[in-house]
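Quick note: residue numbers are just sequence positions, from 1.
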Amino acid sequence: MTYLVKPKLHHPELPKNKLGFTHRDYEGTVSTLCAGCGHDSISSAIIQAFFELDVPPHRVAKLSGIGCSSKTPTYFLGNSHGFNSVHGRMPSVVTGANLANRDLIYLGVSGDGDSASIGLGQFAHSMRRGVNMVYIVENNGVYGLTKGQFSATADKGSKSKRGALNNDEPIDMVMLALELGASFVARGFSGDKTQLVPLIEAAVRHQGPAFIDVISPCVAFNNHAGSTKSYDFVREHNEAVNRLDFMPAHTEITTDYAPGTVQEVVQHDGSVLRLRKLHQDYDPGDKLVAIDFLQRSKAAGEIVTGLLYLRPDADDLHQMLNTVEVPLNQLGEKELVPGAAALERFNATLR
């Protein structure tokens, strides 16, 4: 239970990262989610990613809305900043926090109900405004906290645990993110941490809005025959376009792959994404290719995973607004009240 604090004892031989932290330093409280829930696997992947990236936990701000997915920040990065907002409003809270303090790493965790229904407008504006954040949707296609009704991402024709069919067209969060201007778009599967961990690592190091849609089966209400979000269905229909290796800037870059099978992309901070292409003709730098591939795969009944689109030189909200390098919450009276002459010069630029 979340009120039970994990023991803070550390075995002296636990693996440590470059900061001297162990996995335990990136964990949170005990999970109260159902045993086998895909969300717990995502939490584990987040812990692994931040451990490997050598990120001090206090440099992370984790935010969420309402739902099973939005409970999960309690279960990882217990020593980071945290804010649990109201239903669907996480993106606007992240936007304000990011503008106030650009020095933090912002991680927004949401669900398909939280982001694809009541929070759809907020999701859209956080993408189009270029908020520098990692936005993870833990997508199970149901409202788990209210006993398994279809969510807006449930596939048309899928069957509920009680046998009802969904007749509504689904909202594809990945397609929306592509259309709205996200500069890093990926889809993962909670049952495949080998793929998911480097996707999260790359998203954290990306400058700009990074969106990851993670198919995360609900073992209580959406893991049965007829569900398109179950463990078995995703494993049988998963079509990975690439496998990702992530190398931080301080890591020596080497490769031993055959020519033509690997594509390396350098990000703004010098870190490198090495894409091991499973589809030789797939180009993650071409948005039109990504959209076309996703549409064709959907028609074929396939669930595409991997890094789907990347624009490594994208601007973020601070660059577009031309804010100062110093975080706004650190500005003093001298900078905030520069005087009448400075105000007049600014007003002159607007005439």
_For residues 174-197, which residue pairs pass the side chain to side chain donor-acceptor pair (under 3.5 Å) check, not counting sequence neighbours?_
Ser44-Lys193, Asp172-Arg187, Ser183-His206, Arg187-Asp213, Asp192-Arg243, Gln195-Thr305

_So which atom in Tyr282 and which in Leu307 form the shortest heavy-atom distance, rounded to 0.1 Å?_
CE2-O, 3.9 Å

*Can you check whether Val60's main-chain N or O pairs, donor with acceptor, with His81's side chain at less than 3.5 Å?*
no

*Is it the case that more than 12 heavy atoms not belonging to Arg235 sit under 6.0 Å from its CZ atom?*
yes

*With a 4.5 Å heavy-atom cut-off, do Val137 and Val214 have their side chains touching?*
no

_Once rounded to the nearest 0.5 Å, what's the spacing between atom NE2 of His39 and atom OG of Ser41?_
10.5 Å

*Step by step, would you call Met175 with Gln295 a side-chain contact (heavy atoms from CB on, under 4.5 Å)?*
CA-CA 9 Å; Met175 291 292 289; Gln295 293 282 23; 3.5 Å; yes

_Sub-4.5 Å side-chain heavy-atom contact between Arg89 and Ile118_ = yes

*For residues Leu196 and Ala45, report the shortest heavy-atom separation together with the two atoms involved.*
CD2-CB, 3.8 Å

*Does any N or O in the side chain of Asp112 come within less than 3.5 Å of the main-chain N or O of Gly141, such that one atom is a donor and the other an acceptor?*
yes

*Is there a donor-acceptor pair closer than 3.5 Å between any side-chain N or O of Asn98 and the backbone N or O of Asn132?*
yes

*Below 4.0 angstrom, N of the basic side chain to O of the carboxylate: do Glu344 and Arg351 qualify?*
yes

*Is there a side-chain contact between Leu178 and Leu294, using heavy atoms and a 4.5 Å cut-off?*
yes

*Can you list the steps and then say if Asn79 with His58 is a side chain to side chain donor-acceptor pair (under 3.5 Å)?*
CA-CA 6 Å; Asn79 294 319; His58 69 271; over 6 Å; no

*Atom CG of Leu120 and atom OG of Ser115: how far apart are they, to the nearest 0.5 Å?*
8.5 Å

*asked:* Assigning hydrophobic clusters by single linkage (Ile, Leu, Val, Met, Phe, Trp, Tyr; side-chain heavy-atom cutoff under 4.5 Å), is Val134 placed with Val94?
replied: no

*Identify whether NZ of Lys or CZ of Arg in Lys16 sits under 6.0 Å from the centre of the six-membered ring of Phe21 and within 45° of that ring's axis.*
no

*From Ser43 OG over to Leu77 CG, what is the distance, rounded to the nearest 0.5 angstrom?*
9.5 Å

*Hey, is the main chain of Thr22 close enough, under 3.5 Å, to the side chain of Asp25 for a donor-acceptor pair?*
yes

*State, to 0.1 Å, how close Thr153 and Ile171 come at their nearest heavy-atom pair, and which atoms those are.*
CG2-O, 3.6 Å

*Is there side-chain contact between Glu239 and Ile303, with at least one heavy-atom pair below 4.5 Å?*
no

*Distance from Ser85 atom OG to Met90 atom CE, nearest 0.5 Å?*
7.0 Å

*asked:* Treating Lys229 as the side-chain partner and Asn139 as the backbone partner, does any N or O pair qualify as donor plus acceptor under 3.5 Å?
replied: no

*asked:* Can you confirm whether Met173 sits close enough to Phe211 that some side-chain heavy atom of one is under 4.5 Å from a side-chain heavy atom of the other?
replied: yes

*Does Leu275 offer a backbone N or O that forms a donor-acceptor pair with the side chain of Asn242 under 3.5 Å?*
no

*asked:* Testing the basics here: between Leu63 and Val93, what is the closest heavy-atom pair and its distance to 0.1 Å?
replied: CD2-CG1, 3.5 Å

*Would you say the side-chain atoms of Asn140 pair up with the backbone N or O of Cys218, donor to acceptor, closer than 3.5 Å?*
no

*May I ask you to decide if Ala177's main-chain N or O and Tyr309's side chain share a donor-acceptor pair within less than 3.5 Å?*
no

*So if you build clusters from Ile, Leu, Val, Met, Phe, Trp, Tyr with side-chain heavy-atom gaps below 4.5 Å, do Leu19 and Leu104 land together?*
no

*Report the distance from atom CG of Asp292 to atom NZ of Lys287, rounding to the nearest 0.5 Å.*
14.5 Å

_Derivation of the side-chain contact (heavy atoms from CB on, under 4.5 Å) call for Asn17 and Glu52_ = CA-CA 7 Å; Asn17 61 14; Glu52 293 181 358; over 6 Å; no

*Heavy-atom pair of closest approach, residues Phe184 and Leu310*: CD1-CD1, 3.7 Å

*Taking Asn222 as the fixed residue, which of Ser160, Ser227, Ser230 is the one that meets the side-chain hydrogen bond (donor to acceptor under 3.5 Å, both in side chains) rule?*
Ser227

*Side chains of Leu180 and Phe123: does their closest heavy-atom pair fall under 4.5 Å?*
yes

_Quick check: closest heavy atoms across Cys68 and Gly144, and the distance to 0.1 Å?_
SG-C, 4.1 Å

Would you be so kind as to tabulate the donor-acceptor pairs closer than 3.5 Å made by side chains of residues 320-329, with sequence neighbours excluded?
unit_1, atom_1, unit_2, atom_2, d
Thr323, OG1, Arg102, NH1, 3.3
Thr323, OG1, His318, ND1, 2.7

*Sub-3.5 Å donor-acceptor pair from the side chain of Ser158 to the main-chain atoms of Ala154, do we have one?*
no

*Are Val204 and Val185 connected, step by step, through hydrophobic side chains (Ile, Leu, Val, Met, Phe, Trp, Tyr) whose heavy atoms are closer than 4.5 Å?*
no

*Determine, step by step, whether His23 and Leu14 satisfy the side-chain contact (heavy atoms from CB on, under 4.5 Å) criterion, reporting the C-alpha distance in whole Å, the side-chain angles of both residues, the deciding distance to 0.1 Å, and the verdict.*
CA-CA 8 Å; His23 274 254; Leu14 284 177; over 6 Å; no

*Is any side-chain heavy atom of Gln149 closer than 4.5 Å to a side-chain heavy atom of Val142?*
no

_Looking only at the aromatic ring of each residue, does the gap between the centers of Tyr26 and Phe76 stay below 6.0 angstrom?_
no

*Within-4.5 Å side-chain heavy-atom neighbours: Asp155 and Pro170*: yes

*Path from Ile200 to Val131 over hydrophobic side-chain contacts below 4.5 Å*: no

*For the pair Glu236 (side chain) and Phe233 (backbone), establish whether a donor and an acceptor sit closer than 3.5 Å, ignoring hydrogens and angles.*
no

_Just checking Phe221 against Tyr143, ring centres under 6.0 Å apart?_
no

*State plainly whether one hydrophobic cluster holds both Phe246 and Leu199, where clusters connect Ile, Leu, Val, Met, Phe, Trp and Tyr through side-chain heavy atoms under 4.5 angstrom apart.*
yes

*Would you check, one step at a time, whether the test side-chain contact (heavy atoms from CB on, under 4.5 Å) holds for Thr72 with Ser64?*
CA-CA 9 Å; Thr72 62; Ser64 62; over 6 Å; no

*Out of curiosity, Leu273 CG to Glu201 CD, how far, rounded to the nearest 0.5 Å?*
10.5 Å

_Ring-ring centroid check His279 Phe293, cutoff 6.0 Å_ = yes

